[in-house]
There are 2 protein chains.
Amino acid sequence: MLTIGKLAEAAGVKVPTIRYYEQIGLLPPPERSAGNQRLYGNRAEERLAFIRHARDLGFPLEAIRDLLSLSDRPDQSCEAADAIARAQLSAVRARIGRLRALEAELERMIGQCAHGTIADCRVIEVLGDHAHCAHEHRKEP
Amino acid sequence: MLTIGKLAEAAGVKVPTIRYYEQIGLLPPPERSAGNQRLYGNRAEERLAFIRHARDLGFPLEAIRDLLSLSDRPDQSCEAADAIARAQLSAVRARIGRLRALEAELERMIGQCAHGTIADCRVIEVLGDHAHCAHEHRKEP
DNA sequence: CTAATGTCTCTAGCAACTATAGGTTCAAGG
DNA sequence: CCTTGAACCTATAGTTGCTAGAGACATTAG
């Protein structure tokens, strides 16, 4: 049985994160010691590793919640899990696309700067007027 | 003179966003009508367009605050503005790099899925054990 | 046995807004 | 002139995914 600190260390997350996951129902309430401290077994350790890894891959907690409940029913089709992963992949690709547009615009802006005064600074000027931009670019949502 | 709604429409932001920018000091408190409603002139419109555009390019509000105060002193060197833009560019590039690692891992995971049951789903399995991964990948900070 | 460390709960804070509630003002139609 | 509906006002709370702090109790090493 692991205390919360050992579990946090083992999984590579911070202690309050574990309590937070419990609070939002991603981790079940664990046993407690005589002095009311949380004690975790292997199941919790695996579950937390799963969450951590999915977070590292950028899955939002809501998606992870769904993936976890899927992994609790091993004999069902994995189509739903697939769909979640594909949604995440396309979200990642969309963000890459937007960021590459930003990258291009920033490069252009910086490249045009003649390093003079603010009055003729391209950076400031381009920011002030979107018409100076080569491409459309929209904020990351 | 524009009401807040017209200004929001002109700049492509939501009304509460303008009030929020005023609250955090990015926009100066505007004039008010006899009935206490905000009235904006051209200066505010330009300033808001600047903010909006910089946000679209991913600059955090803190950086925008600095850029705005730079643009208020036109005869200074634009080196500081340049530095902010370059910092933003490298932040964008770093995020692209991390996202591409995620993309690769997600592709691999999804590609290996045989579309059977959860019990032998690669998606679930890979998420459960980072050792299945080809590359390091770390969460977006 | 004591001191240090770990853990408990609870609350507040971060970015950058967005949404809601309950009330006031404005512009247009009858 | 009056009414109606949209737009405005303030203030507060919610979003996501945690992180940090306060003040009190538990455990463990020496």
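Keep in mind that what you see is a predicted model, and the values were worked out from it rather than measured. All heavy atoms count here, side chains included; hydrogens, waters and symmetry mates do not.
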Engineer: Nearest-Å distance, CD1 (I18(A)) to P (dG17(D))?
Structural biologist: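 That distance rounds to 17 Å.
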Engineer: Calculate the interatomic distance between E9(B) atom CD and dA7(D) atom C1'; express it in whole Å.
Structural biologist: 12 Å
Engineer: Compare side-chain N and O positions of T17(B) against OP1 and OP2 of dT18(C) and report whether any pair is under 4.0 Å apart.
Structural biologist: yes
Engineer: Could you check how far CG of N36(B) sits from P of dT24(C), rounded to whole Å?
Structural biologist: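 My rounded result for the distance is 12 Å.
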Engineer: Between P on dG17(D) and CZ on R65(A), what's the gap in Å once rounded to a whole number?
Structural biologist: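 Between P of dG17(D) and CZ of R65(A): 10 Å.
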Engineer: What integer distance in Å separates L27(B):CG from dA16(C):P?
Structural biologist: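 Taking CG of L27(B) and P of dA16(C), I get 15 Å after rounding.
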Engineer: Would you mind reading off the distance between Y20(B) atom OH and dT15(D) atom C1', rounded to a whole angstrom?
Structural biologist: 13 Å
Engineer: Under 4.0 Å, counting only non-hydrogen atoms across every strand here, what does R38(A) touch: a base, just sugar-phosphate, or nothing?
Structural biologist: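 R38(A): backbone/sugar contact only, no base atoms under 4.0 Å.
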Engineer: Given that R19(B) and E62(A) both sit by DNA chain D, which one's nearest nucleotide is further toward the 5' end?
Structural biologist: R19(B)
Engineer: For Y21(B), report the nucleic acid contact type (base, sugar-phosphate, nothing); a contact means any heavy atom under 4.0 Å.
Structural biologist: sugar-phosphate
Engineer: OP1, OP2 of dC8(D) versus side-chain N and O of R32(B): anything below 4.0 Å?
Structural biologist: no
Engineer: Which value, rounded to the nearest 0.5 Å, describes the distance between E62(B) atom CD and L67(B) atom CG?
Structural biologist: 11.0 Å
Engineer: Take S33(B) and F59(B), find for each the nucleotide of DNA chain C with the closest heavy atom, and name the residue whose nucleotide sits nearer the 5' end.
Structural biologist: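 The residue whose closest nucleotide sits nearer the 5' end is F59(B).
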Engineer: Are any of the side-chain nitrogens in E45(B) or R52(B) under 4.0 Å away from the carboxylate oxygens of its partner?
Structural biologist: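 No, E45(B) and R52(B) are not salt-bridged.
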Engineer: Look at all strands and tell whether I4(B) reaches a base, only sugar-phosphate, or nothing, counting heavy atoms closer than 4.0 Å.
Structural biologist: sugar-phosphate
Engineer: Relative to the 5' end of DNA chain D, which residue comes earlier, Q37(B) or G35(A), by the nucleotide with the nearest heavy atom?
Structural biologist: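 This one resolves to Q37(B).
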Engineer: Is the shortest side-chain N to carboxylate O distance from D72(B) to R47(B) below 4.0 Å?
Structural biologist: yes
Engineer: Starting from P on dG17(D), measure out to CD on E22(A) and report it in whole angstrom.
Structural biologist: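 For the pair E22(A) CD and dG17(D) P, the rounded distance is 18 Å.
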Engineer: Rounded to the nearest angstrom, tell me the gap between atom CG in L39(A) and atom C1' in dT27(D).
Structural biologist: 12 Å
Engineer: Taking the nucleotide of DNA chain C with the closest heavy atom to each, which residue, T3(A) or K14(B), is nearer the 5' end?
Structural biologist: T3(A)
Engineer: I'd like to know if R38(B) and E22(B) make a salt bridge, using a cut-off of under 4.0 Å between side-chain N and carboxylate O.
Structural biologist: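 Salt bridge: yes.
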Engineer: Quick one: do E79(A) and R86(A) make a salt bridge, cutoff under 4.0 Å?
Structural biologist: no
